[in-house]
Amino acid sequence: MDTRTREKPERTFDLVLKVECPVSENEDPVLLWKFPEDFSDQDILSMVPKFCFPFAIERVTQTQVGQHFTFVLTDIDSKQRFGFCRLTSGGKICLCILSYLPWFEVYYKLLNTLADYLVKEQENDLNDMLKSLYNHPVPDAHTPVSLSLHSYFITPDVTGLPTIPESRNLTEYFVAVDVNNMLQIYASMLHERRIIFTSRKLSTVRTLIYSIYI
């Protein structure tokens with residue numbers, strides 16, 4: 001088990017946010033909605049939206065719509081809490097799930113379902129699904145979980161090594177990076193060099209970072 005990951009989190013996720021992109025870089029993102037409604041940690045509510053638009057907002061394009069990305073917060077116990085995000089509405093809205101569980105594939109799939117519910121204005125279905133998962137005990141690895149008619153997943157085993165094609169991060173890494181660059185990245189890591197990834201797609205940068213992170 002990764003010592004940076006909380007071993008037994010209390011819930012599958014702590015918070016879901018819907019955040020609106022600011023008009024300019026001089027303004028803060030606007031929190032439009034949160035689940036659960038009684039979530040009261042003001043530091044988290046103030047901080048998380050600032051990570052939801054990690055790009056020059058004046059240059060947002062339609063190619064960013066539907067892209068997934070992840071950021072990581074470190075708590076007072078040095079444990080990592082993941083922010084899984086999806087851009088919608090022309091890149092102007094970000095949906096974010098905050099969780100101690102590194103379930104990349106599960107939460108990206110859930111974000112797609114949430115975005116679909118919002119587009120169809122099915123708020124009751126959205127809230128019912130989130131309540132079901134929020135109140136569900138954290139399941140063991142390889143456990144099937146059914147949240148609704150359209151949402152079903154099997155919990156991943158985060159203690160094992162990732163495999164292709166099950167790991168989206170690793171699969172996309174092998175698609176985006178050729179062998180020579182893989183060797184160069186590996187050698188740079190062994191020499192503890194700083195590595196900077198650039199890409200036209202935010203989701204690709206996220207993939208590269210987390211594929212070597214694991």
Side-chain angles (χ1 to χ4, degrees), residues 5-24 27-54 57 60 64-77 79-139 143-153 155-156 202 206:
T5 304
R6 187 175 294 279
E7 185 173 357
K8 294 182 179 180
E10 296 180 3
R11 297 184 181 277
T12 52
F13 71 89
D14 298 316
L15 179 67
V16 178
L17 297 177
K18 178 182 178 183
V19 183
E20 184 178 34
C21 184
V23 178
S24 71
E27 300 179 22
D28 289 332
V30 180
L31 177 59
L32 300 177
W33 171 87
K34 69 179 186 293
F35 179 94
E37 293 182 358
D38 60 356
F39 188 89
S40 59
D41 188 330
Q42 292 302 316
D43 288 338
I44 292 295
L45 291 174
S46 174
M47 177 171 48
V48 169
K50 297 177 182 179
F51 288 88
C52 289
F53 302 96
I57 59 176
V60 64
Q64 291 171 308
V65 178
Q67 288 196 56
H68 298 105
F69 62 94
T70 307
F71 60 85
V72 177
L73 305 176
T74 304
D75 66 17
I76 194 171
D77 298 319
K79 300 301 182 182
Q80 294 181 335
R81 184 152 53 170
F82 300 85
F84 301 95
C85 300
R86 184 187 192 275
L87 296 174
T88 66
S89 302
K92 300 298 184 182
I93 297 294
C94 179
L95 300 176
C96 180
I97 300 174
L98 196 65
S99 173
Y100 280 106
L101 296 167
W103 292 355
F104 291 87
E105 288 75 19
V106 169
Y107 286 121
Y108 289 149
K109 181 179 179 181
L110 181 60
L111 284 166
N112 290 339
T113 303
L114 295 179
D116 188 52
Y117 280 150
L118 288 173
V119 167
K120 297 177 180 178
E121 298 183 349
Q122 296 175 323
E123 295 186 4
N124 290 336
D125 292 334
L126 182 149
N127 284 312
D128 288 344
M129 185 177 66
L130 289 178
K131 287 178 183 177
S132 177
L133 182 57
Y134 188 75
N135 294 322
H136 196 294
V138 178
T143 301
V145 177
S146 179
L147 302 177
S148 67
L149 181 63
H150 304 289
S151 185
Y152 169 89
F153 65 87
T155 54
L202 181 60
R206 180 270 309 166

Query raised in the report: Is the shortest heavy-atom distance from the side chain of L114 to the side chain of L130 under 4.5 Å?
Result: yes
**Report entry** Side chain proximity check, P49 to D28, heavy atoms < 4.5 angstrom
**Finding:** no
Let me check something: any side-chain donor-acceptor pairs from residues 11-22 under 3.5 Å, sequence neighbours excluded? List them with distances.
from	atom 1	to	atom 2	distance (Å)
R11	NE	Y134	OH	3.2
R11	NH1	Y134	O	3.0
T12	OG1	L133	O	2.9
D14	OD2	R81	NH1	3.0

**Report entry** Rounded distance [0.5 Å steps], CZ in F84 versus CH2 in W103
**Finding:** 10.0 Å
**Report entry** By side chain to side chain donor-acceptor pair (under 3.5 Å) - contacts of D75 (at least two apart)
**Finding:** R6, Y100
**Report entry** Nearest-0.5 Å distance, CZ of residue F69 to CG of residue L87
**Finding:** 5.0 Å
Query raised in the report: Below 4.5 Å, heavy atoms only, C-beta onward: do L98 and V48 meet side chain to side chain?
Result: yes
Query raised in the report: Can you name the residues that form a ring pair (Phe, Tyr, Trp, His ring centres under 6.0 Å) with F71, not counting sequence neighbours?
Result: F51
Report task. Could you pull out all residues at least two apart from P137 that satisfy side chain to side chain contact (heavy atoms under 4.5 Å, CB included)? Result -> none
**Report entry** Distance, nearest 0.5 Å, that separates CD1 of I93 from CG of L95
**Finding:** 8.0 Å
Query - Closest non-hydrogen atom pair, C96 against G83 - result: SG-CA, 4.2 Å
Query raised in the report: From E105 CD over to H68 NE2, what is the distance, rounded to the nearest 0.5 angstrom?
Result: 11.0 Å
Report task. Can you tell me which residue pairs pass the side-chain hydrogen bond (donor to acceptor under 3.5 Å, both in side chains) test with a partner in residues 120-133, sequence neighbours excluded? Result -> D116-K120
Report task. Taking all heavy atoms of L126 and all of Y117, pick out the closest pair and write down the distance. Result -> CA-CD1, 3.7 Å
Report summary line: Residues passing the side chain to side chain donor-acceptor pair (under 3.5 Å) test with T155, sequence neighbours excluded, are none
Distance-only criterion, 3.5 Å: show the donor-acceptor pairs between side-chain atoms of residues 34-44 and protein atoms not counting sequence neighbours.
from	atom 1	to	atom 2	distance (Å)
K34	NZ	E37	O	3.2
D41	OD1	D43	N	3.1
D41	OD1	I44	N	3.2

Report task. Can you see which heavy atom on L101 is nearest to which on Y107, and at what distance? Result -> O-CE1, 3.8 Å
Report task. Report yes if some heavy atom in the side chain of T70 is under 4.5 Å from a heavy atom in the side chain of Y108; otherwise report no. Result -> yes
